[in-house]
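Following: one structure in structure tokens, then a few remarks.
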Amino acid sequence: MRNIFIDSNIESKFRKDGYVKVPFINADEVEILKNLFFETLPQSGGQITSGETGVEQANFITYDFTFIDKNPEYKRLVFKIISEYFKPHMDKLLDNYRPIIANYIRKQSDTGEVPLHQNWAFADEKLCSTVSIWCPLVDSTIENGTLQVVPGSHKRFGEQRGPMIPWELEGIKNDIIKNHLVPLETKAGECVILDDSIVHYSAINNTKELRLAIQLICVPNGFPSIHYYMDYQSNPNEIQMIEVNDDFYMEFNPWKKVETPKILKNVSFLNKQISEQEFIKKLTGPTFENQVAKDFWFKFKQIFHA
Ligand SMILES: O=C(O)CCC(=O)C(=O)O
Ligand SMILES: [Fe+2]
């Protein structure tokens with residue numbers, strides 16, 4: 001398995017829990033990045049609305065992230081700003097990763113719930129791990145809707161994740177929110193590094209002040225970035241793993257049909273839902289990576305009657 005972190009203690013904690021909280025940027029950088037958010041905001045093209053996605057199933061959008069902005073130039077600018085400030089800190093923590101998507105996440109008073117989800121898959125998670133560096137620019141608390149995670153839920157659910165793919169935890173979302181989340185109160189400038197496959201959520205901001213945060217999604221160098229795509233109308237039983245270049249995410253709106261896909265593989269898809277009991281059991285079961293080893297030994301034993 002490829003290393004994620006430079007420090008082996010952080011690595012083992014992350015592999016066990018699916019996240020770590022560590023100091024990240026300094027107070028000056030927090031201020032600069034906050035100011036740059038407001039300075040560049042006039043260039044935003046506005047958020048895409050569910051009505052504009054062209055997809056009937058698109059849910060009402062309750063959150064405010066740069067990636068669904070309608071102006072690709074604004075997305076490029078935000079990416080440039082955030083990567084520039086984060087890169088030296090990222091390089092001290094992560095073992096040879098590159099950023100692919102940057103978001104300012106704006107949570108105004110009384111709004112901004114981020115529904116329970118796993119981030120999409122951005123590389124083959126059987127072979128490596130992609131991470132999000134989540135860094136609040138104001139102290140992030142339970143009251144203002146901090147990030148909440150299900151510890152140990154990484155690499156165990158929804159292996160192929162993308163905007164058009166039904167989610168196996170959809171039916172038990174409310175149970176997970178009620179019973180399994182841990183809120184991560186985080187100071188401005190600290191960060192939580194998440195495995196993109198961890199199950200997470202954040203509630204509305206119940207304070208009068210803005211809760212502003214940054215997310216930088218990073219993939220390991222040496223691995224292509226991918227996008228899982230399903231054309232529900234033509235074949236709801238198949239998912240395509242498509243190789244994309246890093247610029248894809250700038251032009252891309254998550255619901256858009258992929259025009260000339262470079263298909264790496266087709267994966268058959270069983271649209272199943274899991275129960276809360278199964279969810280609990282799987283939390284302590286094998287990860288996708290360990291599953292590969294298990295399948296290998298199973299085949300080996302079958303062939304050699306070992
Ligand atoms: O900022 C939040 O509350 C949610 C962040 C999130 O979903 C992410 O960074 O993946
Ligand atoms: Fe997320």
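- Residues Tyr74 and Leu41 are in side-chain contact: their nearest non-hydrogen atoms beyond the backbone lie under 4.5 Å apart.
- Looking only at side-chain heavy atoms (C-beta outward), Ile105 and Arg211 come within less than 4.5 Å of each other.
- Between Glu125 and Arg161, at least one side-chain N (NZ, or NE/NH1/NH2) sits under 4.0 Å from a carboxylate O, which counts as a salt bridge.
- For His200 and Tyr19, the distance between ring centers is not under 6.0 angstrom.
- Contact detail for Ala123 and Thr130: the closest heavy-atom pair is CB-CG2, 3.6 Å.
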Practice task
Start with the C-alpha distance between Asp247 and Arg76, add both sets of side-chain angles, then the distance that settles salt bridge (Lys or Arg N to Asp or Glu O under 4.0 Å), and finish with yes or no.
Solution key: CA-CA 9 Å; Asp247 197 51; Arg76 286 198 181 89; 3.2 Å; yes
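- Within the model, atoms SG of Cys218 and CD of Gln215 stand 9.5 Å from one another, a figure rounded to the nearest 0.5 Å.
- Looking at every heavy atom in both residues, Ser132 comes nearest to Asn119 through OG-ND2, 3.3 Å.
- Side-chain contact check for Asp246 versus Ser225: some heavy-atom pair is nearer than 4.5 Å.
- Of all heavy-atom pairs between Phe14 and His154, the closest is O-NE2, 3.8 Å.
- Without hydrogens or angle criteria, Lys155 side chain to Phe288 main chain gives no donor-acceptor distance under 3.5 Å.
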Practice task
Apply the test side-chain contact (heavy atoms from CB on, under 4.5 Å) to residues Tyr229 and Ile263: give CA-CA distance (whole Å), side-chain angles for both, the deciding distance (0.1 Å), then the verdict.
Solution key: CA-CA 10 Å; Tyr229 183 72; Ile263 300 173; over 6 Å; no
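- Taken to the nearest 0.5 Å, the CD1 atom of Ile172 stands 5.5 Å off from the CZ atom of Phe279.
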Practice task
Might you work through the salt bridge (Lys or Arg N to Asp or Glu O under 4.0 Å) test for Arg15 and Glu289, ending with a clear yes or no?
Solution key: CA-CA 11 Å; Arg15 287 203 182 264; Glu289 291 161 320; 3.7 Å; yes
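- With sequence neighbours left out, Pro23 forms a side-chain contact (heavy atoms from CB on, under 4.5 Å) with no residue at all.
- A donor-acceptor distance shorter than 3.5 angstrom exists from the side chain of Glu168 to the backbone of Gly158, with no hydrogens or angles considered.
- A salt bridge does not link Lys208 with Glu143: every distance from a Lys NZ or Arg NE/NH1/NH2 to an Asp or Glu carboxylate oxygen is 4.0 Å or more.
- A donor-acceptor pair under 3.5 Å is absent between the side-chain atoms of Asn103 and the main chain of Ile214, judged by distance alone.
- Checked for salt-bridge contact, Glu170 and Lys173 meet the test: a charged N lies under 4.0 Å from a carboxylate O.
- Checked against Phe86 for a ring-ring contact (aromatic ring centres under 6.0 Å, His included), the options Phe24, Trp134, Tyr97 give a single hit: Phe24.
- For Lys187, the NZ atom counts as loosely surrounded, since its 6.0 Å shell holds 12 or fewer non-hydrogen atoms of other residues, nucleotides or ligands.
- Atom NZ of residue Lys21 and atom NZ of residue Lys13 lie 10.0 Å apart, to the nearest 0.5 angstrom.
- With hydrogens and angles ignored, the 3.5 Å screen pairs no side-chain donor or acceptor of Asp196 with any backbone N or O of Ala121.
- Taking CG from Leu94 and CZ from Phe5, the interatomic distance works out to 5.5 Å, rounded to the nearest 0.5 Å.
- Remark: the backbone N or O of Tyr228 is not paired with any side-chain donor or acceptor of Gln160 at under 3.5 angstrom.
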Handout entry: Residue pair His89, Glu29: steps toward the side-chain contact (heavy atoms from CB on, under 4.5 Å) verdict
Key = CA-CA 11 Å; His89 303 286; Glu29 291 164 325; 3.0 Å; yes
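- With contacts defined as side-chain heavy-atom distances shorter than 4.5 Å, the pair Leu184/Val149 qualifies.
- At least one side-chain heavy atom of Ile274 sits under 4.5 Å from a side-chain heavy atom of Leu169.
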Practice task
Kindly determine whether Leu147 and Leu194 satisfy side-chain contact (heavy atoms from CB on, under 4.5 Å), including the steps that lead there.
Solution key: CA-CA 11 Å; Leu147 184 65; Leu194 300 171; 4.0 Å; yes
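- At a threshold of 4.5 Å between side-chain heavy atoms, the hydrophobic network of Ile, Leu, Val, Met, Phe, Trp and Tyr places Ile101 and Ile242 in one connected group.
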Exercise for the section: Take Glu278 and Lys281, measure what salt bridge (Lys or Arg N to Asp or Glu O under 4.0 Å) needs, and give me the verdict at the end. Expected result: CA-CA 5 Å; Glu278 284 173 274; Lys281 195 156 168 249; over 6 Å; no
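- Contact check for Asn144 versus Ser140: side-chain heavy atoms found under the 4.5 Å cut-off.
- Aromatic pair Phe79/Tyr249: ring centres not closer than 6.0 Å.
- The shortest distance between side-chain heavy atoms of Glu209 and Val138 does not fall below 4.5 Å.
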Exercise for the section: Give the intermediate values and the outcome of side-chain contact (heavy atoms from CB on, under 4.5 Å) for residues Leu116 and Leu181. Expected result: CA-CA 10 Å; Leu116 189 80; Leu181 288 170; 4.1 Å; yes
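- A ring-centre distance under 6.0 Å is found for Trp120 and Phe67.
- Within the 3.5 Å criterion, the main-chain N or O of Pro224 finds no donor-acceptor partner in the side chain of Glu243.
- Note that the CG atom of Asn205 and the CZ atom of Arg106 stand 12.5 Å from one another [nearest 0.5 Å].
- A side-chain N or O of Glu276 and one of Asn179 form a donor-acceptor pair less than 3.5 Å apart.
- Here the side chains of Lys107 and Ser202 are in contact, with some heavy-atom distance below 4.5 Å.
- Here Ile4 contributes atom CD1 and Ile10 contributes atom CD1; the two are 11.5 Å apart, rounded to the nearest 0.5 Å.
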